[in-house]
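I have placed the structure first, in the form of structure tokens, so that the comments after it can refer back to it.
Treat the numbers as computed from the prediction; the structure is a model and nothing was measured. Order of listing sets the numbers, starting from 1, for every ligand and every atom in it.
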Amino acid sequence: MNTFSIAIHGGAGTLVKGMMTSALESEYRAALKLALNAGYKVLEDGESAVKAVETAVKVLEDSHLFNAGKGAVFTATETHEMDASIMDGKTLNAGAVSLISGIKNPVALAKDVMEKSEHVFLAGDGAMQFAKELNYKLEDDAYFYDELRHNQWLEIKDTDSFQLDHSTKKDSKFGTVGAVACDKDGNIAAATSTGGMTNKKWGRVGDSPMVGAGNYANNKTCAISCTGSGEFFIRGVVAYDVACLMEHKNMSIEEASNEVINKRILEIGGDGGLIAVDAKGNIAMPFNTEGMYRASKTSNGKEDISIYK
Ligand code: ASP
């Protein structure tokens, strides 16, 4: 049997020790543990990597702590526009949605795009129409309201600035979420979900729903979920770049993801991190910021839940 493993993230950014109360830190760790164990259990039960990443991401989306699903940040017009994607490394099937609202678990809709449509990427009104045809229930605004996120938005509304959830401000909350997994059969998968940037406008979409940029999976190389400054991660085609370094330069998952996060993306001005797994269950979780909410667990008995460097 293959070593099976899972890694998750809850966003990278200005996470410095002592910045938050120990009670809040415990809350983050507990939320990460819950998601990690939910995904790990799926793998332990012999189910697919796709199911495991969907399960873990759903738990993170259901937490108000992370910028995805329930905790999604506010747009310039005080709404929530969410993006999500999922990819199956065995078949290279993928599904993605962007600019959706009212959907409790955007990752589930992305998976439905992958499995129940002929397409890969649905956006905005069309994606919402697809959800309606599948009888998705829509949550009202109150479900997505979070006081801290609203305050973040109030501070910059009516200005031209927009803010990455994981950027500079000491009290800002962090949080695009993602999961990568390798199952007992050696199949791998990745999923990513986000609310994007606070005060975003013009239908701004980041890297998270883009195949090859914020999310990618291919059994031949790796499964990747990214978090960071989306505009740079799109231009760096980050997730696919890691896969390319493994495929064409024969790098290990650790070498390839370090090269991209600590060199290539830095060179073009991008900050953030990623989680990666290969078909042998090896995991890498590099980031070039002060911290990244992250956790991993393997069938070899290794478990890690960390926030800081
Ligand atoms: N990468 C996400 C985006 O640009 C944000 C994040 O990771 O926090 O939409």
Any side-chain heavy atom of K41 within less than 4.5 Å of one from E47?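 A side-chain contact under 4.5 Å is absent here.
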Flag side-chain contact, heavy atom, 4.5 Å: R149 against T198: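 They are not in contact (no side-chain heavy atoms under 4.5 Å apart), so the answer is no.
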Heavy atoms only, cut-off 4.0 Å: how does R204 contact ligand 1, side chain, backbone, both, or neither?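 It is the side chain that touches ligand 1; the backbone stays farther off.
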Does the side chain of T176 pick up a donor-acceptor pair with the side chain of T194 at under 3.5 Å?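 Present: a donor and an acceptor within the cut-off.
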Exercise: do S5 and T298 side chains pair donor with acceptor under 3.5 Å: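 There is no such pair between these side chains.
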What atoms of ligand 1 come within less than 4.0 Å of a heavy atom belonging to [X]?
X    : answer
T176 : 2 (C), 5 (C), 6 (C), 7 (O), 8 (O)
S208 : 1 (N), 2 (C)
T227 : 6 (C), 7 (O), 8 (O)

Do Y293 and H9 make the cut of ring centroids closer than 6.0 angstrom?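 Judged by ring-centre distance (under 6.0 Å), Y293 and H9 do not meet the cut-off.
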To which of P209, G196, G228 does the heavy atom nearest atom 2 (C) of ligand 1 belong?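 Nearest option to atom 2 (C) of ligand 1, by heavy atoms: G228.
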Purely on distance, is any nitrogen or oxygen of D207 under 3.5 Å from one on ligand 1?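 D207 vs ligand 1: N/O contact under 3.5 Å present.
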